[in-house]
Amino acid sequence: MAEHTEPHTPHRLLVVEDEPSIRALLESTLRLSGYEVSSVMSGGAALLEIERFGPDLVLLDVMLPDLDGFEVTRAMRAGGKNTPVLFLTARTDLSDRIDGLRAGGDDYVTKPFSLDEVLLRIQAILRRTGAEEPPSGEADEDDESILLFADLRLDERAYEVHRAERYVPLSPTEFHLLSYLMANANRVLTRAQIVQHVWGYDFAGDVRIVETYVKYLRKKIDCVEPPLIHTVRGIGYSLRLPREHERDQAAAQSAAEAADATEAAER
């Protein structure tokens, strides 16, 4: 791979926090750590600043005076923005954290937080979403940025995924998870391996986050036949084609569902 000669530019971070003291503390800490920083204090302002500033990552408070952080993230994803989101939240319930991930967030930090923890999580997100790498030049024919499996195609340079020639929009974490599964196709990956590779060795959250993101991927990738993402009970997950008995089970289930629908329609 050719060396990159472009000068390194600071990553852009957007801080969305309505508490002035917390916002000022984050701004100064992030600038001292070498980031270019912008900040706003409301959800509506955040959506406008994302368009103007083009951040590499958004630090997003959940409790905001207008739109909450989850609503901001949903609006970003609905508008095609895949910018990573790190939630800053005083909510500690697992259900709240899962709601945030379902909205399209990539990680969370619980208030009161350590600035060291915030910096480590920022670095981990930028690392796993590829934002730490400077822009590359044109790809050569031997470049390995395109992963192929069955009718699934992932282009790491263009940041695009297609299944059966249909574009599949993914969040940064979903994209990184799928890339890891495709790079290890036909192998069983443990949950611990997935957490370490996708979320980073310093991830201190609930390992059930893997199940949550696999569920998201299945809804987007396995919405057509054949299913490619398979659970290996008690171990982890594998990207592979279904085995013969699994195809037979799927066909039998489809036939049974069709028969039930026909019977219900005739009543």
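Note that this is a predicted model, so its numbers are computed, not measured. Only heavy atoms go into these numbers, but all of them, side chains included; no hydrogens, no water, no symmetry mates. Along the sequence shown, residues carry numbers from 1.
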| said: I'd like to know if the side chain of Ser179 and the backbone of Phe175 have a donor-acceptor N/O pair within less than 3.5 Å. | reply: no
| Is there a side-chain contact between Val16 and Val72 (heavy atoms, below 4.5 Å)? | no
| query | Do the side chains of Val210 and Tyr237 get nearer than 4.5 Å, heavy atoms only? | reply | yes
| query | Is the closest side-chain heavy-atom distance between Leu228 and Leu241 below 4.5 Å? | reply | yes
| task | Quick one: pull up CG in Leu119 and OH in Tyr35 and give me the separation to the nearest 0.5 Å. | result | 6.5 Å
| task | Without swapping roles, check the side chain of Asn82 against the backbone of Pro172 for a donor-acceptor pair under 3.5 Å. | result | no
| field | Straight-line distance of Ile122 CD1 to Leu57 CG, nearest 0.5 Å | value | 6.0 Å
| field | Joint hydrophobic cluster, Ile22 plus Leu115, side-chain heavy atoms closer than 4.5 Å | value | yes
| request: Flag the pair Val37 / Leu26 as yes when at least one side-chain heavy-atom distance between them is below 4.5 Å, and no otherwise. | output: no
| Exam field: side chain Asp56 to backbone His11, donor-acceptor pair closer than 3.5 Å | no
| Which atom pair, heavy atoms only, marks the closest approach of Leu64 to Met41? | CD2-O, 4.2 Å
| note | Taken to the nearest 0.5 Å, the spacing of Leu154 CG from Leu170 CG works out to 8.0 Å
| said: Any non-hydrogen side-chain atom of Leu181 less than 4.5 Å from a side-chain atom of Leu217? | reply: yes
| Arg218 CZ to Lys220 NZ distance, which is reported to the nearest 0.5 Å | 15.0 Å
| said: Is there a side-chain contact between Glu165 and His162 in this structure, where contact means two heavy atoms from C-beta onward sitting under 4.5 Å apart? | reply: no
| query | Any ion pair linking Arg74 and Glu71 (charged N to carboxylate O, less than 4.0 Å)? | reply | no
| query | What do the steps show when you test Leu177 against Tyr216 for side-chain contact (heavy atoms from CB on, under 4.5 Å), and what is the final call? | reply | CA-CA 11 Å; Leu177 173 57; Tyr216 297 161; over 6 Å; no
| query | Of all heavy-atom pairs between Tyr213 and Ser171, which one has the smallest distance, and what is that distance? | reply | CE2-OG, 4.2 Å
| Atom of Glu49, atom of Pro55 and distance for their closest heavy-atom approach | O-CD, 4.5 Å
| said: Assigning hydrophobic clusters by single linkage (Ile, Leu, Val, Met, Phe, Trp, Tyr; side-chain heavy-atom cutoff under 4.5 Å), is Tyr180 placed with Tyr159? | reply: yes
| message | Once rounded to the nearest 0.5 Å, what's the spacing between atom CG of Leu25 and atom CG of Leu30? | response | 9.0 Å
| message | So that I can tick it off, tell me whether Glu27 and Arg31 are bridged by a salt bridge, with the cut-off set at under 4.0 angstrom between side-chain N and carboxylate O. | response | yes
| message | So which atom in Arg121 and which in Val109 form the shortest heavy-atom distance, rounded to 0.1 Å? | response | CD-CG2, 3.2 Å
| So, are Glu160 and Arg153 salt-bridged, with charged N and O less than 4.0 Å apart? | no
| task | Assess whether side-chain contact (heavy atoms from CB on, under 4.5 Å) is satisfied between Val118 and Thr29, documenting all intermediate values. | result | CA-CA 10 Å; Val118 172; Thr29 299; over 6 Å; no
| Does a salt bridge link Lys111 with Glu19, judged by any charged N lying under 4.0 Å from a carboxylate O? | no
| said: Pair Arg166, Cys223 - check side-chain contact (heavy atoms from CB on, under 4.5 Å), show working. | reply: CA-CA 11 Å; Arg166 179 182 63 87; Cys223 56; 3.0 Å; yes
| message | Between Arg77 and Asp106, does any NZ, NE, NH1 or NH2 come within less than 4.0 Å of an OD or OE carboxylate oxygen? | response | yes
| field | Shortest non-hydrogen separation from Met76 to Val58 and the atoms involved | value | CE-CG2, 4.4 Å
| note | In Val85, Thr173, Asp107, the residue satisfying side-chain contact (heavy atoms from CB on, under 4.5 Å) with Ile125 is Asp107
| query | Where do Val40 and Arg23 come nearest, in terms of heavy atoms and distance? | reply | O-CD, 3.8 Å
| message | Measuring from atom CG of Leu60 to atom CG of Leu14, what distance do you get when rounded to the nearest 0.5 angstrom? | response | 8.5 Å
| message | Less than 4.5 Å apart, side chain to side chain, heavy atoms only: is that true for His176 and Pro84? | response | no
| task | Report yes if the side chains of Arg163 and Asp222 come closer than 4.5 Å at any heavy-atom pair, otherwise no. | result | yes
